[in-house]
Every structure is written in structure tokens, then in C-alpha cells.
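As C-alpha cells, the structure follows; a few thoughts come after it.
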Amino acid sequence: MFTYSYSFLRKRRGLQWLAFAAAALAVIAAGSSKARSTGGQQSILSIAEQRGLTPDDAVRAVKTFVPPGSHDEYLLFASGGHSGQLHVVGVPSMRLLRTIAVFTPEPWQGYGYGADWSEEALNEPLIGGGPDALRWGDSHHPALSETDGKYDGRFVYINDRAHGRIGMVDLADFRAKQVLQVPNIQTSHGGIFATPDTKYVHISSKIPALKGWDAQKGGRVTVNDHLNHFPELYRGYSTFVRVDQKTGRMVMKDSFQVELPPYTQDLADAGKGPSYGFAFINSYNVEMSTGGIEQGKPPIEVGASQLDFDYLHIVNWQRAEEVVAAGKFKEINGIRVIPLETAAAEGVLFLAPEPRSPHGVDVAPGGDYITVAGKLDPHATVYGFDLIKKAIDAKNFEGKDLYGVPILKFDAVVAGKVELGAGPLHTQYDNAGNAYTSLYLESAVVKWTLGPPYHTADQAFKVVDKINVHYNIGHLATAQGDTMDPQGKYLIAMNKWSIDRHANVGPLHPQNFQLIDISGPKMELVADMPIGFGEPHYAQMVKADTIKAHEIYDPGVSPAAMTRSPNAIAGPQEAKIVRRPGVVEVWMSVVRSHFTPDIIQAKVGDRIIVHLTNIEQTPDATHGFAVPTKNVMVSLDPGETTTVEFKADKAGSFSFYCTEFCSALHLEMQGWLIVEQ
Ligand code: RUQ
Ligand code: CUA
């Protein structure tokens, strides 16, 4: 079966390869007839020799190989960072399957180029002021929807770190359907997370913003002096955005905010199981340093690190619902807000000290432990939810902060501390009571044990393994590792620097995802994947068969509403052009290889409205509708009806065309827009 070169074996890792070959033979002998019949095995070793691969490389290749035509077991939904988008990657093959446009226009998907809601959403002026058309976002933390604490494959939400925006992607068709501006928040970080039932998605502010923006509207302090009144004028906001269970859309009128002190709130996570109804938000800069070296103040990174402790914020959102229902809120910029004093007085908000300047806060699958990673401190601090609950009930407070928020006693709520290494940031979990924390400064992932009931007290909170990654890891994601159904198996290290890991494509290197096999007692690095498009932050990994997207739309469906569009037509026979003063409205059918009508006549200044129906019912029969010299580029999937509107602003003939190579006569799939003077 195998022919191998003895000189190769002798020269190089002969014994290892012999062992590997024997093992491989055994596998093949025990395996399918398919493996035996391909006839390709004879050259495995000679290929390995030619390519300079080691037996370990061969193991890695086999672990990650997904044969042509086969599918990956998991899908990774990874943020696209300041590309503003969301990436979908297959695991274990580490192949990019799809990028979904969310915060940034994307012509391939016809996103933000004249069609339907995406045009409006991306052109909506910001609450509180901003440009007419914000053309970027910084996507950080995706959150798949959950039912009973498990991913349910319905929707995915993602925040815009640069703004208080949330994008919602419908997994029925992998398209963004809503970009919601959350009031009173300028920048965001805490979340998105979904509550275990997706009743709410949560987002909190990053850098505190002017309280409800009202100081901007002629408050008593001038703009120049705002920062000198930081503790009075600025606030953070924790937002519970209500989700419509049928459409996944976020509904502002049923949402509410809890006002927070102007500490810099960082990451956040949802309670589940025993901690259902609670949310946990980290903070740093409780010193409220604003920088300003010229004014004799310390730079922020120094000013924000003066105290030994910052505060973990504990929000009882079920209590908050009652407080809102009792009318104890103020409406600010269209959302119901529980003022800080009310939140403190009514048992909505508590603080617990956490060692200085932490970063991630991650709730374990059982909802029982909450890990706060040290960033500047080499430890993880693990809080017990039972301890938190007990301390709240017993009013075991060490005092109150400046704003009257009760502070729980540190020793009363901490279940364990683990020394992990340099620069711990984020934590994920497996199905055996282990935690995995990224070590940014050390470029490593460390595996450690949780306490009872997973590990006995003497085995609890101990480091059990560590692996190097390349390089400067930020987030990490284990398979379903932030749900109540963690799978173990795989871990993705999301590295900020790649340095020498990939071919040099210029000074802006790709980010580097690394796949780590965590199924055995030792973690094993099995693949690198360059991400040459934005800087991913967090990702979530879900069993691929949880998601059941459509292959085609039913005839005439508008993806924005997922219902049949009133402007759908059945075929070319229903195509028509209707003219009114200043408006040309077209109902156009699109099919291989023709637009009907294929000539549209208009006058300069006319508003042109085209309702396009792709009447195909064949998977992959996507067509485009692109108009040169206009920002009009629509992508139409099989069955889809979409409307595009634009202005005929200058005279001329414009040859619109189909942008997808859809058929042998694709190149003939074009028409004319004639604009008369
Ligand atoms: S961040 S690398 Cu999630 Cu925005 Cu930690
Ligand atoms: Cu339709 Cu090309």
C-alpha cells in the first residue's frame, strides 16, 4: 500500500514516520473501502517528504481536513472589527464561508447601495448628532440568540464599539435586518449578550457619555468645561433591548436602561441557570480620570490605574423590570431610564470590588461562577453566584460608592483566585468544568479548573495546561463555550498580531485565528487562519446543524420583512412602467438572462423606483442589478423582491447590467436607462 523512500526515513524523522505509517495503515485497514479504493495512499509519505512535513503536521492535517464537498461540524461567527462586518468561518477547516455586511456598505450583497432598508439604516443620522451617513462601525461582540441557555440558530446580534449601535442578522438568510441606535450611549462594549431566552440583548456604554446628552443642549456648564465636571455630568448606561421573538427585531418601546456611575464599563455577560435575571459588567477607571497632561493631570492610563480595585457591576434586571413597571423611570431620548439613585435604592444595582483594571467577565455554563480576568493582574478572580446572592440578601456591604451604590464585601463574594500568567483577558469554558483564559502579554492560552461541583476543593482553581499562541491573543472561543451546552472539542485563539505566521502582504498584517484541539488532556495547536479583513474581537462557535438557512426565498419574498412583497410580480408578463410627474416607477422581472423591461426612459430630475423580482426558484441563481455611475448595486437572490430608488441626475444613456455570472448569456443580461434632458 505504502511505498516510501528509505533515504527519507533515515535522513529525517524516520522512526516517527514509521510509527505514523503503521498507525495510518491500521486506520485505513479498519476503515472504509472508500479509503482503500482511492489509490492515493501510496504517495502520502512521498508527498510529506516533498513538502517537508512532520508526522505532527500530518496529524494536524487529518484533524482539520474537511474533504471536498463535505461540510464543517461547527460555524464560527466572528466579529469583523473596524471593517464593521461579521465573518462566518467553518471549523475545523478554518475556511471563510461568508462575510455578512452589518455596519458598512458592501456592494456584493447590495448592502447600502440603494436597496430597501439597508440604505435607510446606514444613512440614518445619529441620535445626538453625527454625519448624515455614517459609513463605518467597529463590530466587537456577536451574540447568537438562545433558548433555554442554548444557541437556537435564529438570530445573531453584534455591537458597534464606536457607537451605541446594535446590528441584527437573521440567520434564516444570513442578512442584517436592523441597525438600532441605542440612545444615551456614545460608544459601547458591554455585550452584546443575549439573555438565556433572548428576551433581551444587552449593551452597555464604554466611555461614559454626557448624561442623557442634556448637558449638550444648553446645560449650565460650557462644552469646554465638561471634563472638569466629569463625575456630575457623565454617566454610563446598561441597556436591556427587548427582542421580538418572531422577527428578532429590537423594540425600543419595550426596552429600558439602568443608569450607571461614570466609571468606564467594559465587558459584560448574562447570568444563566441560578444567576438568570442578573447581568455582570466590568469596569475600570473608577478614578474617573479624563487625561489632560497640559492641565497638569495624569494621562488616562496612569490616572485610571491608581486604585487597587475597580468595580464589578451586578445588575438585577428582573428587579429592574419591576421598577420600570412601577413607573420609577425617566424617559430620556425615547427610552425608559432607571436613574442611578433609584437603581441603588431599589436593589437593581450592586458593586463588588475587583482587582484593578480587569477586562473580561465571563459566566460559566452552570451560571454558578463568574470569572473576571486581571489584565494588569496575573490572576483570575472567580466570584460565586451563591456568595453574591447571600451577600446581597444579608446586606453584607463594605460601604457605598460616591453615588450611593452598595459595595459587596470582596471576601464574601470571591470563590477562588487563580494565578494564570501575564495579561489575562477573556475566559471560555468546556463541558468538564474547565476554563480557558487568554493571556495577552504571554501570548498563551491557559487551562484551569473551576471549583465544586466540577472539581473537588483540593483540585479547584488550579492551572492544568498552557499553550503558546501566535501572537498577542485577545478573545478566545470554545465550542458553545458561553452557553449552558458547552462542547469542549475546539478552541479558537483570536490573535491580534501575526508577525511571521503568514506571507508578507505589506505592513498591515492579517489577524491570526488559531484552532486548538482541546479534546485531550493537553491542548494541541492544529491550524492557523489569516483574517485579512478587519480585526476580529469576540466570536461564538455553534454546531453547524443548529442553523437552518433558506436555500431560496419563496416567490416574491422581501428579505427585509420575510413576507411576500406587495411589489412582487410573477414574471415578465406582469412587468410594467408607470409614470407620474417627477417619478418613473418600474416593476421589473429578473431571470436568466433578461431584465424585463430592458429599457427605462426618464427625464433629468426624475425619481426612479425599481421593484425588482428575481423570479428564479433555483439555488444559486442570484442576479445583480447595477447602474454605472450611480451608487446603485442590488443583489437579488432566487425568489427575492427588492426595491431600489435613485435620482436621474444627469442626461445620458446608462447600461445597467447583471453583476453575477448567472448563465451562458450572463454578459447579454443588460439593459438601458435613458435619461433625457
Ligand atoms: S475586546 S481583546 Cu472584547 Cu472589544 Cu477584549
Ligand atoms: Cu443574471 Cu448575470
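Given the structure is predicted, the values throughout are model-derived calculations rather than measurements. Counting starts at 1 for both ligands and their atoms, in listed order.
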Expected output: side-chain Ser188 to main-chain His163 donor-acceptor under 3.5 Å: yes
Residues Lys206, Asp266: salt bridge by 4.0 Å N-O rule: yes
Mutual orientation of the aromatic rings belonging to Phe280 and Phe385 [parallel < 30°, tilted 30-60°, perpendicular > 60°]: perpendicular
Minimum heavy-atom distance Ile516-Ala493, with the two atoms named: CD1-CB, 4.3 Å
Test: Glu640 and Arg175 ion pair at under 4.0 Å: yes
Total protein N/O/S atoms whose distance from atom 3 (Cu) of ligand 1 is less than 2.8 Å: 2
Mutual orientation of the aromatic rings belonging to His475 and His537 [parallel < 30°, tilted 30-60°, perpendicular > 60°]: perpendicular
Every N, O or S from the protein that is nearer than 2.8 Å to atom 2 (Cu) of ligand 2: Cys658 SG, Glu660 O, Cys662 SG, His666 ND1
Salt bridge Lys466-Glu442, side-chain N to carboxylate O under 4.0 Å: yes
N-O pairing of Arg165 and Asp160 below 4.0 Å: yes
Taking every non-hydrogen atom, the tightest pair across Pro142 and Tyr538: CD-O, 3.3 Å
